[in-house]
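The structure under discussion appears below in the form of structure tokens.
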Amino acid sequence: MSGPRAARASGVPAPDVGGGVPGGSGATSASGVPAPDVGTAALDDGTPSAVSLPEPAGNSPTSSHSRQQSSWLRKFLFDPRTIIGLVAALATVAFAFVGPAFASYSATEIVALPYQKPSAAHLLGTDVLGRDVLSILLSGGRGFMVEGFLAALVGVGVGGLIGMVVGLLSGRARTAVLFCNDTLMVVPQILIVLIVIAAFSANALTLTLAVAVAQVPYAARVVQAATRRVVQEDYYLAGRLAGQSRLSLMVHDILPNIAGPLLVEFGVRLCISFVVLASLSYLGFSAGAGDWGQMIHENQGGISIQPWAVLSPIICIAVFLVGMNLVRDRASNALSGK
Amino acid sequence: MKNAGYVARQIARRLATGIAMLFVVSIIVFFCTQALPGDIARQVLGQNATPEQLANLRVQLGLDRPILVQYAQWLWGMLQLDPGVSLASRTPVASLIASRLTNSLTIVGIAFVFVVVLGYGLGILACRKPGGIVDTVVSGIDHFILSLPEFVVGIIVITLLAVGALRLFPPASIIDSRYPAWQQPELLVLPVLCLVLVATPHVLESIRTLLREELESPAVVWARLSGIGEGRILMRYALPNILAPSLQVVAASVNFLLGGMVAVETVFAFPGIGSALVSAVSTRDIVTVQAIAMFIAVVMVVALMVADIIGDMSMARVRTKEDGQ
């Protein structure tokens with residue numbers, strides 16, 4: 001039974017490995033075969049321990065806290081890979097959000113013949129219907145960025161809450177919930193999202209919620225393990241013995257102590273949400289007309305005549321996601337004290 | 001003999017776990033698609049259907065019965081490999097997806113072999129010299145691919161190998177359905193290549209992490225100090241020790257292959273169950289969606305069970321040796 005967890009745990013210290021690298025469809029952690037007890041123990045070893053905030057007994061908790069924070073921040077910010085990642089991600093975000101103001105044509109207006117090569121009037125040429133590629137490109141990134149961010153927020157929020165509650169449970173109830181949770185992790189993520197979309201049809205709300213739902217089991221797994229670690233600490237037991245309610249301890253003791261793993265998990269889920277949403281849009285399920293994934297799908301047939309209609313959104317997606325992943329990777333490395 | 005009993009018990013436990021998992025998946029798949037949303041009959045017949053037509057179709061689909069009865073009938077149908085009649089084309093789903101199933105299993109199967117060989121091979125090579133050229137290049141490519149959606153990898157592959165300067169393979173894999181897929185190998189190369197590209201990095205990175213930890217363990221340091229060669233350390237100590245956890249990684253790679261299959265088949269217009277799933281979702285043909293989802297879940301759960309059972313057997317062998325001494 002130690003198999004799956006060992007793989008998962010050894011992946012965690014290098015968060016780029018087992019911690020669920022965006023693969024669109026899932027994460028290495030998907031090897032979930034229910035072995036809650038062994039599993040948790042192994043996960044506990046593996047989860048970055050330096051992430052948790054200072055020991056409660058520290059002489060002046062606030063100052064040591066801020067010192068520790070500033071040291072990881074410095075480590076994070078002075079890494080050239082962080083800088084490259086930040087520049088790439090922020091540039092794409094700016095392009096997507098400020099860009100529409102600079103578009104010379106409407107994204108839906110047919111302005112020339114289909115598949116025209118780049119020219120002075122149309123810097124990236126025209127697409128399958130004869131619309132200006134640059135104008136569609138400028139307006140096609142915002143939707144999936146907003147949806148991805150919200151999906152990760154909702155998914156990690158709900159998953160985190162479930163994880164904390166499950167972490168406080170014990171015995172059969174915990175085993176049963178974890179079994180269902182792990183079962184969800186066994187199924188490729190894209191499948192869960194597609195099932196939800198088949199049931200509710202695709203619009204901005206259902207897409208965001210479908211992707212959020214698919215993130216819940218992963219976030220719950222990680223938070224559950226982090227919560228177990230806090231629950232076994234003396235200060236938690238002391239709080240319980242002093243008569244504090246579980247709810248109050250959850251807010252005051254557990255939440256601050258799992259903030260690190262929660263943040264790292266949010267980064268992972270954010271990147272995966274973007275990947276899944278871009279894939280969905282390519283597969284034909286997007287909220288609005290003309291986002292990047294859809295552009296690629298529509299113009300793929302003309303790739304040998306007018307490659308820019310396909311390559312320009314590909315480059316945007318690639319720069320954005322590689323940048324995001326560099327930042328996420330460096331941030332979780334710095335947080336885990338590497 | 002005590003040991004044989006232990007192995008048998010473990011296998012029985014794994015089988016029970018797998019069946020329980022499939023049961024949970026079947027509940028999720030069925031109730032997400034059939035019980036939650038509005039009126040399936042109206043979706044099929046459209047807005048202009050008369051109330052009589054709607055009522056007839058509901059009876060025909062069994063929608064007038066209690067939901068638990070519907071679930072039981074659906075599950076019974078699935079167990080008999082008869083998922084029902086497609087809502088979109090009104091033909092049995094089983095006959096619709098049968099040939100697509102072999103097509104998909106062909107590319108996923110071929111890709112799986114490559115993923116395992118490349119995952120272990122490159123993982124071991126990268127660990128022989130940490131920080132060396134192989135290690136750096138492999139890890140760079142891994143991180144790049146792992147950041148991207150599968151369809152982006154597919155388009156990059158098409159751009160490099162199918163259009164433009166190098167036109168080695170066709171950019172679309174439209175299989176002639178009169179012949180089996182493996183008789184048209186030139187159409188399989190690019191989809192398989194894409195699947196290998198998207199799934200290998202996951203396996204490779206996990207193997208590398210497992211192996212690196214193993215090679216830094218006290219036992220290996222001790223073996224090295226005793227003058228045992230690196231090759232022997234790798235084959236005799238490190239690899240056997242990571243066998244069970246690495247099998248889990250290999251099983252998880254099936255997850256990435258099946259997930260990646262959906263996008264990759266769409267990129268190449270390959271007639272498999274991944275592209276069938278996408279079109280079933282867009283026509284909201286939930287009977288087909290349910291069938292394909294359950295099939296993918298079965299493959300995944302079987303992969304995990306096999307990995308677990310082999311892992312158990314290797315553990316049991318270690319146990320016997322210890323007991324014997």
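Below, chain A is the first sequence line, B the second, and so on; all start at residue 1.
Contacts between Leu326(A) and chain B at a heavy-atom distance below 4.5 Å are absent for every atom of the residue. Neither the backbone nor the side chain of Ala269(B) comes within contact range of chain A; no heavy atom of the residue lies under 4.5 Å from a heavy atom of that chain. Using a 4.5 Å cut-off between heavy atoms, Val281(B) contacts chain A through both its backbone and its side chain. Neither the backbone nor the side chain of Val196(A) comes within less than 4.5 Å of any heavy atom in chain B. With a 4.5 angstrom heavy-atom cutoff, Val198(B) does not touch chain A via any of its atoms. Both the backbone and the side chain of Ala293(B) come within contact range of chain A, each with at least one heavy atom under 4.5 Å from a heavy atom of that chain. Of the atoms belonging to Leu191(A), it is side-chain heavy atoms, and not backbone ones, that fall under 4.5 Å from chain B. Contacts of Val203(B) with chain A are absent, with no heavy-atom separation under 4.5 Å from either backbone or side chain. Looking at Ile158(B), the atoms closer than 4.5 Å to chain A (heavy atoms on both sides) all sit in the side chain, from C-beta outward. Using a 4.5 Å cut-off between heavy atoms, Ile296(A) touches chain B through its side chain atoms alone.
Using the six-membered ring where Trp is involved, His202(B) and Phe256(B) have ring planes that are parallel, under 30° apart on the 30 and 60° scheme. Note: Phe320(A) and Phe144(A) have perpendicular aromatic rings, judged against thresholds of 30 and 60 degrees for the angle between ring planes.
Side-chain contact between Ile273(B) and Leu277(B): absent, with no pair of heavy atoms (C-beta onward) separated by less than 4.5 Å. Counting only heavy atoms from C-beta outward, the side chains of Phe151(B) and Thr266(B) never approach each other to under 4.5 Å. Here the side chains of Arg328(A) and Leu270(A) are not in contact, with every heavy-atom distance at 4.5 Å or above.
Annotation: maximal heavy-atom pairing with chain A below 4.5 Å, among Leu204(B), Val29(B), Val267(B), occurs at Val267(B). When each of Ile303(A), Ile192(A), Val310(A) is checked for heavy-atom pairs under 4.5 Å with chain B, Ile303(A) comes out on top. Interface check for chain A: of the options Val152(B), Val254(B), Leu22(B), Ile155(B), the most heavy-atom pairs under 4.5 Å are formed by Ile155(B).
A donor and an acceptor atom, one from each side chain of Glu150(B) and Tyr282(A), are nowhere located under 3.5 Å apart.
Of the possible polar contacts, one joining the Arg284(B) side chain to the Ala199(A) backbone as a donor-acceptor pair under 3.5 Å is found. Side-chain N or O atoms of Trp292(A) include none that pairs as donor or acceptor with a backbone N or O of Ile314(A) at under 3.5 Å. Remark: the backbone N or O of Cys316(A) is not paired with any side-chain donor or acceptor of Thr92(A) at under 3.5 angstrom.
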